[in-house]
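The block underneath contains the structure these notes are about, expressed in C-alpha cells.
Each residue takes its place number in the sequence, starting with 1. Owing to the predicted nature of the structure, the values given are computational and were not obtained by experimental measurement.
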Amino acid sequence: MTQPTAEHVGNLLRDARGEKGWTQGQLASELGTSQSAIARMEQGKQNLSLRMIERLESIFGRTIVKVGKPQMTHLRVEGGRRLAGAVDVNSSKNAGVALLCASLINRGTTTLRRLARIEEVNRIVEVLTSIGVECTWLNGNDLRIRRPEVLDLDSMDVEAARRTRSVIMLLGPLLDESNEYRLPYAGGCDLGTRTVEPHMQALRQFGLSVEATSGFYQVQAPPIDAEDRSFVLTERGDTVTENAIMAAAHRPGTTVIRNASPNYMVQDLCFYLQGLGVEIDGIGTTTLRITGRPGIDVDIEYFPSEDPIEAMSLITAGIVTHSEVTIRRVPIEFMEIELAMLEQMGQQLVVSGEYMARNGKTRLVDVTTKPSRLTAAKDKIHPMPFPGLNIDNLPFFAVIASCAKGQTMIHDWVYENRAIYLTELNKLGGQIQLLDPHRIYVNGPTKWRAAEVGCPPALRPAACILLAMLAARGVSELRNIYVIERGYEDLAERLNTIGARIEYFQD
C-alpha cells in the first residue's frame, strides 16, 4: 500500500470511527489490537493487510477500500524469532458451528456473542441465509439469527454446504421441518473416509429416513410422536452426539442417550439448549437425559466458550520458538491431559488460578510457556475421547516432539490419512518416519529450516506447518491457506501481536 493510499485509508477509518462515536481504544478492543496501532492506521503510518481491511469493513458496515477477491491467499513467515507477550484464546470453532445449526430449533432470536469469524462459520451462515434465515453481524463478532416460520430448504446453497462437514448437523434440527428434502453431501477436510453411518443410526431412533443418492441425502421426516426413547451410540462422536441432542431437544418426550460424547462443544450446545428451556441432565458425562420442548420461541444471547484446540495451537507456538508467552482464557477442563503430557516431556508451564468463561459454565486459566529442554515421551502419544487427549490436539505433538530429544511414536488411530500429512514437516527439516496411515515416529531435536510448503488439505496438520515455520530461521512460504482459515480467525495476525513476522500475500 503506497503512502498516499495509506493516508487516504487512514482518513476513511477515522471518519468511520467518528460516525460510530468510538474512541481509538474502543476500536482497538473490537479488533483485538492496541490503541497505538489504531493511531498509526489513522495517520497512514501502518500498512493494512487485506484481512484487516475486511474486518474493518465488517465492523463499520461500509467500504473502506476496493480490493479484488483473490483466488488463493498465502503466508510468508520470517522464522527463528522469539515470541513474547500474551494472547487470548478465541471462542470455539466446533461449538460455534453446532450452535449455528441449533439456532434453527428456536423461533425466537438467537444472538451468539464473540462468535469466531472463520470460514467454517461463514459457510454455515451462507447455508442458513440461503434457506431464509436472517443472519446479521453486530459489532464485529456478534451474530444475530432469526429464522422464518417456514424454511426454504429447496433453495439451499449447495456449493457452500459441500465446503463444510458441519452441514450433516442440520439433520437433527430439521427433524420435523419438512416431509421431504435433500441435503448435500458434507465436505471439509480431506481425512479419508469418515462415515456418516453413526449419524444415521442415531437419527433412525427418532424415525428419520435418509437415503444416499447422487451427491445428496434424500431425507424423509418421521411421524410426530411423544414417545420416550433410550439408545446407545455405537460411536462416541462429537457431531453424532450433537445431532442426536438436537433431534431430542425439540421432540416431546424424554430421550436417554448413552455413550454420548461429553466433549467441550457438546457441553456448549447443551448449555445453549438449557437457555431455550430444554431439560438436560448429565452434561459432562456419557449419559444424557433430554426432555424435549416443541415449539421453542425464546430470545436468547449466548457466549460460546473458548477453543481448547486453538489454545493448544498457541501453546505450541510458544514451545517451538522457546519463548515465554502467556495464553489467556484456556479452557482447562479440556486441556489437563495435554498439559500433563507436556510437563512429562520437560516443558515448564505456569498455570494461573481458575476463573469463569462468559457462558458462566466453563473454567478458564492462563498458561505461560517457559523456554525448556524437552525429551521424548516415554510411551506413545495417542488420543482418546474426552476426557482423554483431544483427537484434534494430537497433531501438535508432532511439532512439539520434533523439538524433543529422542524418538516419539504418535498414533493417530481416528483418521486414515492425517498422520500422512504430518510428514510434510520433513520439508522444514523434520525427521518424521511414516510407519502406516496411522502411526509415525518423530525424531528430535530438529534443526528447522525455511521452505516453501503447500497447505495440506487437513486443518490441524496445516496449522502445524505454520507453527514449525515460526521456528525455522529464514523466510518460509505456506501456500493456499484456506484450510487454516476454516478453523482459525486471523491466526497469523494474532501471532504477530506476540512477536511473529507473518504477512499475507497473493500471487
Side-chain angles (χ1 to χ4, degrees), residues 95 98-110 133 145 147-151 153 166-181 183 196-211 217-263 265-300 302 361:
L99 293 167
L100 284 171
C101 295
S103 70
L104 294 179
I105 296 171
N106 185 21
R107 261 61 180 179
T109 298
T110 293
V133 180
I145 307 163
R147 59 153 290 165
E149 186 60 32
V150 178
L151 297 173
L153 297 179
S166 305
V167 72
I168 194 71
M169 287 197 294
L170 292 175
L171 288 172
L174 296 178
L175 187 72
D176 299 323
E177 187 67 35
S178 178
N179 288 334
E180 289 187 9
Y181 66 94
L183 191 68
V196 297
E197 182 57 26
H199 291 266
M200 305 310 171
Q201 290 175 358
L203 295 172
R204 285 188 198 114
Q205 302 292 329
F206 300 90
L208 190 72
S209 172
V210 181
E211 180 182 351
Y217 303 112
Q218 193 69 37
V219 184
Q220 182 88 35
I224 295 176
D225 64 54
E227 295 181 5
D228 294 342
R229 45 181 52 84
S230 177
F231 56 89
V232 62
L233 299 177
T234 56
E235 175 185 298
R236 196 190 301 172
D238 301 324
T239 57
V240 174
T241 301
E242 289 169 324
N243 237 341
I245 291 170
M246 289 186 284
H250 58 115
R251 262 293 167 105
T254 297
T255 300
V256 177
I257 306 172
R258 304 189 188 282
N259 196 33
S261 166
N263 211 355
M265 69 291 282
V266 177
Q267 293 194 27
D268 245 335
L269 174 62
C270 289
F271 298 146
Y272 166 76
L273 292 173
Q274 284 182 324
L276 296 180
V278 179
E279 294 181 24
I280 306 178
D281 295 322
I283 298 174
T285 76
T286 57
T287 300
L288 293 172
R289 183 182 182 88
I290 303 162
T291 301
R293 183 183 174 190
I296 296 172
D297 188 345
V298 176
D299 291 343
I300 183 175
Y302 185 78
K361 303 285 188 179

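- Taking CG of L288 as the start and CD1 of I245 as the end, the distance is 5.0 Å to the nearest 0.5 Å.
- Taken to the nearest 0.5 Å, the CG atom of N243 stands 5.0 Å off from the CG atom of L203.
- Other residues, nucleotides and ligands contribute more than 12 heavy atoms inside 6.0 Å of the CZ atom of R204.
- Put simply, OG1 on T285 and CD on Q267 are 9.0 Å apart, with the number rounded to the nearest 0.5 Å.
- By the 4.5 Å heavy-atom criterion applied to side chains, L104 and L151 are counted as neighbours.
- In this view, Y302 satisfies the ring-ring contact (aromatic ring centres under 6.0 Å, His included) rule with no residue, not counting sequence neighbours.
- Under 4.0 Å is where a charged nitrogen must lie from a carboxylate oxygen, and between R251 and D176 at least one such pair does.
- For V278 against I296, the heavy-atom pair with the smallest separation is CG2-CD1, 3.8 Å.
- Across all their heavy atoms, M246 and L269 have their closest contact at CG-CD2, 4.0 Å.
- A donor atom on one side chain and an acceptor atom on the other are found under 3.5 Å apart for T110 and Y272.
- With values rounded to the nearest 0.5 angstrom, Q220 atom CD is found 6.0 Å from S209 atom OG.
- Here the CG-CG distance, from L174 to L183, works out to 7.5 Å after rounding to the nearest 0.5 Å.
- Each of L208, V240, L171 was checked for a side chain to side chain contact (heavy atoms under 4.5 Å, CB included) with M200, and the lone residue meeting it is L171.
- H199 places a side-chain heavy atom less than 4.5 Å from the side chain of T239.
- Contact of the I290 side chain with the T254 side chain is not registered, since no non-hydrogen atoms from C-beta on lie closer than 4.5 Å.
- Using a cutoff of 4.0 Å between basic side-chain nitrogens and carboxylate oxygens, D225 and R229 are scored as salt-bridged.
- For N179, the CG atom is loosely surrounded, since the number of other residues' heavy atoms within 6.0 Å does not exceed 12.
- Using modelled atom types, one side-chain atom of N259 and one backbone atom of L233 make a donor-acceptor pair closer than 3.5 Å.
- For the residue pair D238 and S261, a side-chain donor N or O sits within less than 3.5 Å of a side-chain acceptor on the partner.
- Contact of the L175 side chain with the E177 side chain is not registered, since no non-hydrogen atoms from C-beta on lie closer than 4.5 Å.
- Distance alone, capped at 3.5 Å, is enough to place a donor-acceptor pair between the H250 side chain and the G172 backbone.
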Quiz item: Between V298 and R107, is a side-chain contact (heavy atoms from CB on, under 4.5 Å) present by the stated rule, with each step listed?
Solution: CA-CA 7 Å; V298 176; R107 261 61 180 179; over 6 Å; no
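- Annotation: side chain of I105 is in contact with side chain of L273 (closest heavy-atom distance under 4.5 Å).
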